Amino acid sequence: MKIRQLAKEELTKVQSIAHRTWPSTFANILSPKQIEYMLNWMYDLKMLESQAENGHTFILAEENGKELGFAGFELNYSEGPKAKLHKIYLLPEAQGKGVGKTLILEVADRARKANQKSLLLNVNKYNQKAIDFYLRIGFQEIYKEVIDIGNGYVMDDVVMEFNL
């Protein structure tokens, strides 16, 4: 498996993985309409490009030239300084094989080298599979928050932190 940073011109790979992952990941958590709304908002190519231009880094895990998953993060996100893991998704067939852990450890390593004190992330409070995974690799719950994302939808999240 290889992890590499994506160029702005390659962000369609992030978009593609998200669109292939979200429907199954959130099928029992969010309505199909909310999934569609969030994908169209968060993974719009112009949105991803704007994030890349404003300090977000996107990394891709691949094996034998095949995309497995991605992570998107930002350094100096919060006081501390703290990094934020904004996005991490793996194709369903890549889950349970260590890809997610490898991506997070790569983000943590990059954050540590940039003198960040911790790595933050938000996870849907009903996504117990993800919460359990984050707890297993060393994240701790620090608080819960509800974020209004428009169109009558909210993100009802657990905020977790991994000390670097």
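Basis for what follows: all heavy atoms, side chains included, without hydrogens, waters or symmetry-related copies. Small disclaimer: the values here were computed from a predicted structure and weren't measured.
Counting only heavy atoms from C-beta outward, the side chains of E106 and K101 never approach each other to under 4.5 Å. Counting heavy atoms from C-beta on, the side chains of N122 and K84 come closer than 4.5 Å. Between V154 and I147, the closest side-chain pair of non-hydrogen atoms is not below 4.5 Å. No side-chain heavy atom of P81 sits less than 4.5 Å from a side-chain heavy atom of N115. Side-chain contact between N127 and I29 is present, with at least one heavy-atom pair separated by less than 4.5 Å. Within the 4.5 Å cutoff, the side chain of Q116 has no heavy atoms near those of the Y77 side chain. With a 4.5 Å cut-off on side-chain heavy atoms, Q51 and E74 do not count as touching. Contact of the L103 side chain with the L90 side chain is registered, since non-hydrogen atoms from C-beta on lie closer than 4.5 Å.
Between M160 and V123 the shortest heavy-atom distance is SD-CG1, 3.9 Å. Closest of all the heavy-atom pairs between A94 and V99 is O-CG2, 3.7 Å. Taking both residues in full, the closest heavy atoms of E161 and S118 are given as OE2-OG, 2.5 Å, listed atom of the first, atom of the second, then distance. Closest non-hydrogen pair, A27 versus I35, comes out as N-CD1, 4.3 Å. For the pair L60 and G69, the tightest heavy-atom approach, listed with the atom from each and the gap, is CD1-O, 3.3 Å. Considering all non-hydrogen atoms of both residues, E62 and R4 come closest at OE2-NE, 2.7 Å.
The number of heavy-atom neighbours closer than 6.0 Å to CG of N54, taken from other residues, nucleotides and ligands shown, is above 12. Heavy atoms of other residues, nucleotides or ligands lying less than 6.0 angstrom from CD of E53 number more than 12. More than 12 heavy atoms of other residues, nucleotides or ligands sit less than 6.0 Å from atom CZ of F133. The environment of D132 atom CG is dense: over 12 non-hydrogen atoms of other residues, nucleotides or ligands sit within 6.0 angstrom. Counting non-hydrogen atoms of neighbouring residues, nucleotides and ligands closer than 6.0 angstrom, the CD atom of Q140 reaches no more than 12 such neighbours.
Using a 30° and 60° split on the angle between ring planes, H56 and H86 fall in the parallel class, below 30°. Note on ring orientation: taking the six-membered ring where Trp is involved, the planes of Y153 and Y37 are tilted (angle from 30° to 60°). Aromatic ring orientation, Y43 versus F70: perpendicular (interplanar angle above 60°, classes split at 30° and 60°). Under the 30°/60° scheme for interplanar angles, the aromatic rings of F162 and F139 are found to be tilted.
Side-chain heavy atoms closer than 4.5 Å link hydrophobic residues (I, L, V, M, F, W, Y) into clusters, and following such links, even through other members, never connects L119 to I142. Taking hydrophobic clusters as Ile, Leu, Val, Met, Phe, Trp and Tyr residues chained together by side-chain heavy-atom distances below 4.5 Å, V107 shares a cluster with L68. The same ILVMFWY cluster, assembled from side-chain heavy atoms under 4.5 Å apart, contains both V158 and L85. At a threshold of 4.5 Å between side-chain heavy atoms, the hydrophobic network of Ile, Leu, Val, Met, Phe, Trp and Tyr places Y126 and L135 in two separate groups. In the hydrophobic cluster analysis, where Ile, Leu, Val, Met, Phe, Trp and Tyr join through side-chain heavy atoms closer than 4.5 angstrom, L48 is grouped together with Y89.
Of the possible polar contacts, none joining the S50 side chain to the K46 backbone as a donor-acceptor pair under 3.5 Å is found. A donor-acceptor contact shorter than 3.5 Å links the side chain of D148 to the backbone of G150. For Q34 (side chain) and S31 (main-chain N/O), no donor-acceptor pair under 3.5 Å exists by modelled atom type. With T21 contributing its side chain and A18 its backbone, the two residues share no donor-acceptor pair below 3.5 Å. Panel note: side chain D109, backbone L105; no donor-acceptor pair is recorded below 3.5 Å.
The distance from the NZ atom of K125 to the CD atom of E145 is 12.0 Å, given to the nearest 0.5 Å. Taken to the nearest 0.5 Å, the NZ atom of K66 stands 6.0 Å off from the CG atom of L91. Separation of atoms CD1 (I17) and NZ (K87) is listed at 13.0 Å; rounding is to 0.5 Å. Separation of atoms CG (N151) and CE (M38) is listed at 11.5 Å; rounding is to 0.5 Å. Separation of atoms OG1 (T12) and CD (E49) is listed at 9.0 Å; rounding is to 0.5 Å. How far NE2 of H19 is from CG of N40: 6.0 Å, rounded to the nearest 0.5 Å.
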Passes side-chain contact (heavy atoms from CB on, under 4.5 Å), R20 versus E67? Steps please. CA-CA 12 Å; R20 290 184 281 162; E67 303 157 8; 3.2 Å; yes

With side-chain contact (heavy atoms from CB on, under 4.5 Å) as the criterion, how do F58 and E10 come out once you've worked through the C-alpha distance, each side chain's angles and the decisive distance to 0.1 Å? CA-CA 10 Å; F58 292 91; E10 296 180 287; over 6 Å; no

Can you check side-chain contact (heavy atoms from CB on, under 4.5 Å) on N124 and D157, steps first, answer last? CA-CA 4 Å; N124 185 290; D157 289 349; 4.3 Å; yes

When you look at V159 and K144, which way does the side-chain contact (heavy atoms from CB on, under 4.5 Å) test go after all the steps? CA-CA 6 Å; V159 179; K144 291 182 168 84; over 6 Å; no

